[in-house]
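Okay, so here's the structure we're looking at.
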Amino acid sequence: MADEKQRKTLDQRHRMSDLERLRHSCAHVMATAIARLWPDAQFAAGPPVEGGYYYDVELAHRISPDDFPVIEDEMKKVVKENQTFERAVVSREEAIEMAQKGRLAALGERDTPSTFKIDLLKDIPEDEEILLYKNGDFWDLCAGPHVGRTGNCKAFKLMSVASAFYKGDASNPQLQRIYGTCFKNKTLLQEHLERLEEAKKRDHRKLGREMGLFHFDEMVGQGLPLWKPKGGIIRRELQEFISGELDKQGYHQVFTPHIGKLDLYRTSGHFPFYEESQYPPFAEREALRKLGDEGCTCGELMNALRTGEVEGFLLKPMNCPHHIRIFDSDHHSYRDLPVRLAEFGTVYRWEQSGELGGLTRTRSFTQDDAHLFCTPEQLGDEIQGCLGLVKTVFGVLGMTEYTVRLSLRDPESDKYVGDPANWDKAEEALREAVRTLGVDYTEEPGEAAFYGPKIDFVVKDVIGREWQLGTVQVDYNLPERFDLSYVGADNRPHRPVMIHRAPFGSLERFCGLLIEHFEGKFPVWLAPEQVRVLPISEKHNQYAEGTVAALAEAGVRVKSDLGGDKIGAKIRLARMDRVPYMLVIGAREEESQNVSVRHRDRDDLGTMTLNDFVGQVCEEIRNRSL
RNA sequence: GCUCAUGUAGCUCAGAGGUAGAGCGCGUCCUUGGUAAGGACGAGGUCGCGGGUUCAAUUCCCGCCAUGAGCUCCA
């Protein structure tokens, strides 16, 4: 697996774009500057990444953003010196000798060897040649390629410093990772920095607070979102939208408790296998009392829960076991299949504290979950149905910026359960379905769940992080573990295949990305407040209230601003609240029984009768127009 | 979970070893104004929580909690 990844990066290096080549070269310029400032620096890897580059360094001095100007000044000198990037092919022995003398990723020989470079050398396959690059006195182990001269790195900036485990392994030491970016010229760099600033304004955490959509409360707990009334409206609208689609596609909605007996999860295999990422189980009161009387320790209690000696309950980390028990509560003939059970199911997972963030990663979240039980023959059609649903959902919301990932098993690994022949069938069924979908997709070997392959829809957030939203997963494992069966045409029992699917994935995460996608400017059907009525003076408050009543009667979410502000201020406020429609009401409107319509983005839409406006807005809501 | 940073009014932030300030928001009053900010006055803070150093801590030190970035993880 590590080799696989290593190989991939190597491949990518040889296929670098011009910009990546420039950024990769800038990483060397930065390393040169750091080596001048701190000669004891030990460098690991320094590749280009989306938006820039980084270089990992081990250094006694803790680099902070305060050091950036100093490093950048030194980098400017290196750029000004306009050193040539020279490529050298050396023997393995020569490379190792240089590394032993501390000569790699350094400006001269040192007392200490270039430890990380020695280790990286070991990872280069025997049949591959060893490449070094040098600029000035700075030699580095590097497959390249690079730009011609350091003078090409004209427009760069150091962005941030963080830490990263060496080779991405949490058991390895942590290095300081310094991020920078580089562009062909200063204008492009400036534009990039402005884009980043703009993007931050769309951050769902910022907008969520400003717009009063959700709240995280220290007293409630980390990663446990509270949906406020306005966010609640968005969530409810999304659920109603999905429910409508489910009805069309022959799903049955079910409701299940938020907890289940540990035995349920022992059978599914999730306990104690995923114990570390679950809220701890709780024992029955009687059992606790008895163990307490016996002077049992917490450790002993946990062990007893693990072995099943003491029965306990778990907050549900997923909905599948409950749905499986619903399926299994009836006898099924092949004529009944597929059975499609759906639920907006809230699940609880003990995510690592450092992983939590806004709505995108939480400890309680609600999946728009469903489990389909079908015959092996039905699998292909059912997958296509699921993918179609995901595509429909994304389409209605205008989310076109997604990538599709087909996650397959790693044929080398033994972590996967089930019959390889079934895996082949499932992978082929998914591949076939995603092709039919007509979108670009990437195949990712080794990314499958342990119980089956899957297709994920992935969307980026404002700072470029990728998040999995919609997912369709094939599962041969759980039907086996729960010994599910249906009666076939041959009157004999057969094992159904299960599909797990969720178009949104998690409502929390989806809403987070949706907020960023719309910049808080939701389409009318989703907007918490759809229309605001703005009387020009208090003389028209009564007519305004009548207008509000008429809209509310028609099912429109409407409010009025009856305060003493001037109309300009009221408009400003409504726009900042991102209300789609504003109705300006004054003497002229009251006289003619009309309303003046203004849109948050399209400005003045002219005057029309209240009835016409109600008709238009209701139509827009009904169609879920964008 | 790890590394680093941050935590001051509802929000955005300034500040200094001697118990606090701005803008916005909020409240009251004046203004009744035609398409992105009318005016006056006022209320609001145990300076995240708990220890320590000090005559004195919101400020310095330690621990915890929370948030952010990155890494690791994600059934």
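Per chain, numbering begins at 1; letters A, B, ... match sequence-line order.
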Using a cut-off of 4.0 Å on non-hydrogen atoms, how would the nucleic acid contact of [X] be classed: base, sugar-phosphate, or nothing?
| X | result |
| --- | --- |
| A:Phe273 | nothing |
| A:Gln176 | nothing |
| A:Gly354 | base |
| A:Ile567 | sugar-phosphate |
| A:Glu218 | sugar-phosphate |
| A:Glu210 | nothing |
| A:Arg349 | base |
| A:Gln278 | base |
| A:Arg209 | sugar-phosphate |
| A:Gly168 | sugar-phosphate |
| A:Ser596 | base |
| A:Gly563 | nothing |
| A:Arg465 | sugar-phosphate |
| A:Glu589 | base |

Under 4.0 Å from OP1 or OP2 of [N]: is there any side-chain N or O of [X] that close?
| X | N | answer |
| --- | --- | --- |
| A:Arg575 | B:rU35 | no |
| A:Arg205 | B:rA69 | yes |
| A:Arg177 | B:rC4 | no |
| A:Gln352 | B:rC73 | no |
| A:Ser160 | B:rG70 | no |

Query raised in the report: If we call it a pair only when both distances are under 3.5 Å in a Watson-Crick or G-U wobble match, what pairs with B:rG50?
Result: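 B:rG50 is paired, partner B:rC62.
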Requested in this report: Tell which nucleotide pairs with B:rG17, taking only Watson-Crick or G-U wobble pairs whose two distances are both under 3.5 angstrom.
Outcome: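 Its partner is none (no Watson-Crick or G-U wobble pair with both distances under 3.5 Å).
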Query raised in the report: Mind telling me whether B:rG44 is syn or anti, cutoff 90° either side of 0?
Result: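 With its glycosidic angle within 90° of zero, B:rG44 counts as syn.
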Query raised in the report: When only distance counts, do a donor and an acceptor, one from the side chain of A:Ser277 and one from the base of B:rA75, lie under 3.5 Å apart?
Result: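 Answer is yes: a donor-acceptor pair is held.
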Requested in this report: May I ask whether A:Tyr179 stacks on the base of B:rG70, given the cut-offs of 5.5 Å between ring centres and 30° between planes?
Outcome: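 A:Tyr179 ring does not meet the centre or angle cut-off for B:rG70; no stack.
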Please report, rounded to the nearest Å, how far the [atom2] atom of [N] is from the [atom1] atom of [X].
| X | N | atom1 | atom2 | answer |
| --- | --- | --- | --- | --- |
| A:Asp603 | B:rG34 | CG | C1' | 15 Å |
| A:Trp467 | B:rC73 | CH2 | C1' | 11 Å |
| A:Asp461 | B:rG68 | CG | C1' | 13 Å |
| A:Tyr54 | B:rC4 | OH | P | 20 Å |
| A:Leu573 | B:rU35 | CG | P | 16 Å |
| A:Arg361 | B:rG1 | CZ | P | 13 Å |
| A:Met576 | B:rA37 | CE | P | 10 Å |
| A:Phe450 | B:rC74 | CZ | P | 12 Å |

Query raised in the report: Starting at the 5' end of RNA chain B and moving along, which residue's nearest nucleotide shows up first, A:Pro317 or A:Ile63?
Result: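 Result of the comparison: A:Ile63.
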Requested in this report: Find which nucleotide of RNA chain B each of A:Ser353 and A:Gly223 is nearest to by heavy atoms, and output the residue with the more 5' nucleotide.
Outcome: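 Nearest-nucleotide comparison on RNA chain B picks A:Ser353.
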I'd like the [atom1] distance from [M] over to [N], given in whole Å.
| N | M | atom1 | answer |
| --- | --- | --- | --- |
| B:rU35 | B:rC41 | C1' | 29 Å |
| B:rG45 | B:rU58 | C1' | 11 Å |
| B:rU31 | B:rU67 | P | 49 Å |
| B:rA22 | B:rG15 | C1' | 11 Å |
| B:rA14 | B:rC73 | P | 36 Å |
| B:rC24 | B:rG38 | P | 12 Å |
| B:rU8 | B:rU12 | C1' | 12 Å |
| B:rU46 | B:rC71 | C1' | 37 Å |

What do you reckon, are the aromatic ring centroids of [X] and [Y] less than 6.0 Å apart?
| X | Y | value |
| --- | --- | --- |
| A:Phe43 | A:Tyr55 | yes |
| A:His24 | A:Tyr53 | no |
| A:Tyr265 | A:Tyr274 | no |

Candidates [options] - which lies nearest the side chain of [X]:
| X | options | result |
| --- | --- | --- |
| A:Gln222 | B:rG38, B:rA75, B:rA66 | B:rA66 |
| A:Tyr451 | B:rA75, B:rG70, B:rU32 | B:rA75 |
| A:Arg598 | B:rC4, B:rU35, B:rG33 | B:rU35 |
| A:Val584 | B:rA69, B:rG38, B:rU35 | B:rU35 |

**Report entry** The single option from A:Thr366, A:Leu359, A:Leu507, A:Val220 passing side-chain contact (heavy atoms from CB on, under 4.5 Å) against A:Pro225
**Finding:**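 Considering A:Thr366, A:Leu359, A:Leu507, A:Val220, a side-chain contact (heavy atoms from CB on, under 4.5 Å) with A:Pro225 is found only for A:Leu359.
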Report task. Applying side-chain contact (heavy atoms from CB on, under 4.5 Å) between A:Met498 and each of A:Asn477, A:Leu379, A:Ile324, report the one that passes. Result ->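 Going through the options one by one, the only one that passes is A:Ile324.
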Side chains of [X] and [Y]: is there a donor and an acceptor less than 3.5 Å apart?
| X | Y | result |
| --- | --- | --- |
| A:His258 | A:Tyr348 | yes |
| A:Tyr166 | A:Asp119 | yes |
| A:Thr547 | A:Glu545 | no |

Query - Candidate pair A:Leu605 and A:Tyr581, rule side-chain contact (heavy atoms from CB on, under 4.5 Å), full reasoning - result: CA-CA 10 Å; A:Leu605 299 183; A:Tyr581 286 108; 4.0 Å; yes
